[in-house]
Amino acid sequence: MKTIPSFEIDHNKLEKGIYISRIDDDITTYDIRMRLPNREPVMTNAAMHTIEHIFATYVRGTEFGDNIIYFGPMGCRTGFYFLTRSLTDGYSINLIKDAFRYIADFWGQIPGATMKQCGNCNDHNLAQAKEEARAFLEIIEDWTKEDLKYPE
């Protein structure tokens, strides 16, 4: 079986931040790495689930919402993948920062978290999601497109 590109990244060297995972024509996949792989505890499912709901709802509500392909968790629970179409790296970084600011300040009903809308509506934790967002914002506050390359 051929090794997929994301498994070729040296996770021992991977730091927290935002990276370009791959580019396929006009679609860019960003690796939003919120935990040090294999070096610190992973995020809880409930925090990740809540981040997923709020982040996805927020970015799809922006002026370029039609350019958002996907936002979802990594199976290893160290971060998320964010796929965009035809957006600049600078715009995408700012959008990621804005989304995490929105999560950090969010109060109220978690979007799409009812039994009708969600397949696991009881597994959310807004307090943990806000804490995760605040911590990650400290990491990416000064992130630029020059920082998007994986460490070698």
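Below, each value reflects all heavy atoms present in this structure, side chains not excepted, and no hydrogens, waters or symmetry copies. Throughout, numbering of the chain's residues begins at 1 and tracks the sequence. Keep in mind that this is a model prediction, so the values were computed, not measured.
- With rounding to the nearest 0.5 angstrom, the CE atom of Met34 is 4.5 Å from the CE atom of Met43.
- Relative ring orientation between Phe80 and Phe71 is described as parallel, the plane-to-plane angle staying below 30° on a 0-90° scale split at 30° and 60°.
- A donor-acceptor pair is defined here as one N or O able to donate and one able to accept, closer than 3.5 Å; such a pair exists between the side chain of Arg35 and the backbone of Pro41.
- A distance of 11.5 Å separates OG in Ser86 from CG in Asp66, rounded to the nearest 0.5 Å.
- Grouping the Ile, Leu, Val, Met, Phe, Trp and Tyr side chains by contacts below 4.5 angstrom, directly or via other members, places Ile32 apart from Tyr70.
- To the nearest 0.5 Å, the span separating CZ on Phe100 from CG on Asp105 amounts to 13.5 Å.
- Among all heavy-atom pairs drawn from Ala47 and Ala129, the shortest one is O-CB, 3.9 Å.
- Scanning both residues, Arg77 and Thr44, for their nearest heavy atoms gives NH2-CA, 4.3 Å.
- Using the six-membered ring where Trp is involved, His49 and His124 have ring planes that are parallel, under 30° apart on the 30 and 60° scheme.
- Scanning all heavy atoms of the two residues, the minimum distance from Asp142 to Asp147 falls at O-OD2, 3.9 Å.
- Listed for the Thr50 side chain is a donor-acceptor partner under 3.5 Å among the backbone atoms of Asn125.
- Here Phe106 and Tyr58 keep their ring centres 6.0 angstrom or further from each other.
- Side-chain contact between Tyr91 and Thr84: absent, with no pair of heavy atoms (C-beta onward) separated by less than 4.5 Å.
- Counting heavy atoms from C-beta on, the side chains of Phe82 and Leu95 come closer than 4.5 Å.
- The heavy-atom pair separating Ala104 from Leu137 by the smallest distance is CB-CD1, 4.1 Å.
- In summary, of the residues considered (Arg39, Glu40, Arg33), a side-chain hydrogen bond (donor to acceptor under 3.5 Å, both in side chains) with Thr78 occurs for Arg33 alone.
- Hydrophobic clustering keeps Val42 apart from Met48 (ILVMFWY residues linked when any side-chain heavy atoms are closer than 4.5 Å, directly or through intermediates).
- Although no hydrogens or angles enter the test, the distance criterion places no donor-acceptor pair under 3.5 Å between the side chain of Thr57 and the main chain of Ile54.
- Heavy atoms of other residues, nucleotides or ligands lying less than 6.0 angstrom from CD of Gln117 number more than 12.
- By the criterion of side-chain heavy atoms lying less than 4.5 angstrom apart, applied directly or through intervening Ile, Leu, Val, Met, Phe, Trp or Tyr residues, Val59 is grouped together with Ile18 in one hydrophobic cluster.
- Rounding to the nearest 0.5 Å places SG of Cys76 at 6.0 Å from NE2 of His11.
- Pairing each heavy atom of Gly17 with each of Ile140, the nearest pair is CA-CG2, 4.3 Å.
- Looking only at distances, no side-chain donor or acceptor of Lys16 sits under 3.5 Å from a matching main-chain atom of Phe136.
- Heavy atoms of other residues, nucleotides or ligands lying less than 6.0 angstrom from CG of Asp26 number more than 12.
- Using a 30° and 60° split on the angle between ring planes, Tyr19 and Tyr150 fall in the parallel class, below 30°.
- Rounded to the nearest 0.5 Å, atoms CG (Asn67) and CD1 (Ile27) are 10.5 Å apart.
- Here the CZ-CG distance, from Arg101 to Asn94, works out to 7.5 Å after rounding to the nearest 0.5 Å.
- Tyr81 and Ile23 are assigned to two separate hydrophobic clusters, defined by single-linkage of ILVMFWY side chains at heavy-atom distances under 4.5 Å.
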* Apply side-chain hydrogen bond (donor to acceptor under 3.5 Å, both in side chains) to Asp89 and Tyr30, showing your working. => CA-CA 9 Å; Asp89 292 332; Tyr30 295 95; 2.6 Å; yes

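- Two residues are said to be in side-chain contact when any heavy atoms from C-beta on lie closer than 4.5 Å; Lys130 and Trp107 meet this criterion.
- Contact detail for Cys121 and Ala113: the closest heavy-atom pair is CB-O, 3.4 Å.
- Within the 3.5 Å criterion, the main-chain N or O of Trp143 finds a donor-acceptor partner in the side chain of Lys97.
- You'll find the side chain of Leu87 reaches within 4.5 Å of the side chain of Ile68, heavy atoms only.
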